[in-house]
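Throughout, numbering of the chain's residues begins at 1 and tracks the sequence. In what follows, every heavy atom counts, from backbone to side chain, and hydrogens, waters and symmetry copies are set aside.
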Amino acid sequence: MGIAPRHMANRTSTQNLRKRVRYHYRGNAAGSTLRLTLGCLLGIELRRVGSGKRMTFDRDGEAALSRWMADNARVCWIEHAEPWTVEAELISQLDLPLNLDQNRHNPFYGRLKELRSQARQRARESAVST
């Protein structure tokens, strides 16, 4: 589950639903927590890229993840003028194992958090990808 735009007290969000969904399907793990989570669950190796601070799946890994998402991931939405007002309520009521934010009560939370942490640690211990 995600929302767009985010509630921002000090500036206007530039995100909208179309931009967020497009990035999840066509972007990379550095900019999409959904891509990071799915890639880690699928066993795709996370790598440091560029300056070494950003972490993504390499070109082949991101492409494989995009293909997997095209075949297996679906998007649905509801419209709400202020989506941030209902996000916490929905996360508390629904079983959303891929969400980490506001979702510590989910039985999968600890396992997913550890899996992502291990992937980041392995990436830090490896050479920067070119």
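Interatomic distance, NZ of Lys113 versus SG of Cys40, reported as 12.5 Å (0.5 Å rounding). Note that the CG atom of Leu100 and the CZ atom of Phe108 stand 9.0 Å from one another [nearest 0.5 Å]. In this structure, the separation between CG on Asp60 and CD on Glu62 is 10.5 Å, given to the nearest 0.5 Å. To the nearest 0.5 angstrom, Leu34 atom CG is 8.0 Å from Leu65 atom CG. Taking CZ from Arg104 and CG from Asn99, the interatomic distance works out to 13.5 Å, rounded to the nearest 0.5 Å.
Residue Arg48 forms a side-chain contact (heavy atoms from CB on, under 4.5 Å) with just one option from Met55, Lys53, Glu125, and that option is Met55.
When atom types are taken as modelled, the side chain of Ser126 and the backbone of Arg122 share a donor-acceptor pair closer than 3.5 angstrom. Looking only at distances, no side-chain donor or acceptor of Asp58 sits under 3.5 Å from a matching main-chain atom of Ser129. Between the side chain of Arg35 and the backbone N or O of Gly27, at least one donor-acceptor pair lies under 3.5 Å.
In the model, Arg116 has a side-chain atom that pairs as donor or acceptor with a side-chain atom of Thr37 under 3.5 Å.
Heavy-atom minimum distance, Thr85 versus His80: OG1-CE1, 3.3 Å. Listed here is the closest heavy atom pair of Leu46 and Ala29: CD1-CB, 4.3 Å. Asp95 and Asn106 make their closest contact through OD1-ND2, 2.8 Å (heavy atoms, listed as atom of the first residue, atom of the second, distance). In this structure, Ser92 and Glu89 approach most closely via the heavy-atom pair OG-O, 2.8 Å. Nearest approach of Ala127 to Arg47, heavy atoms of both residues: O-NH2, 3.0 Å. Shown here for Phe57 and Ile44, the closest heavy-atom pair between the two residues is CE2-O, 3.3 Å.
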Tabulate below the donor-acceptor pairs under 3.5 Å that side-chain atoms of residues 71-79 make, not counting sequence neighbours, or state none.
| residue | atom | partner | partner atom | Å |
| --- | --- | --- | --- | --- |
| Asn72 | ND2 | Trp68 | O | 2.9 |
| Arg74 | NH1 | Ala70 | O | 3.3 |
| Arg74 | NH2 | Asp71 | O | 3.3 |

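Between Leu41 and Leu98, some side-chain heavy-atom pair lies under the 4.5 Å cut-off.
Residues Met69 and Tyr23 do not share a hydrophobic cluster, defined by chaining ILVMFWY side chains whose heavy atoms lie under 4.5 Å apart.
Environment of CZ in Arg124: crowded, with over 12 heavy atoms of neighbouring residues, nucleotides or ligands closer than 6.0 Å.
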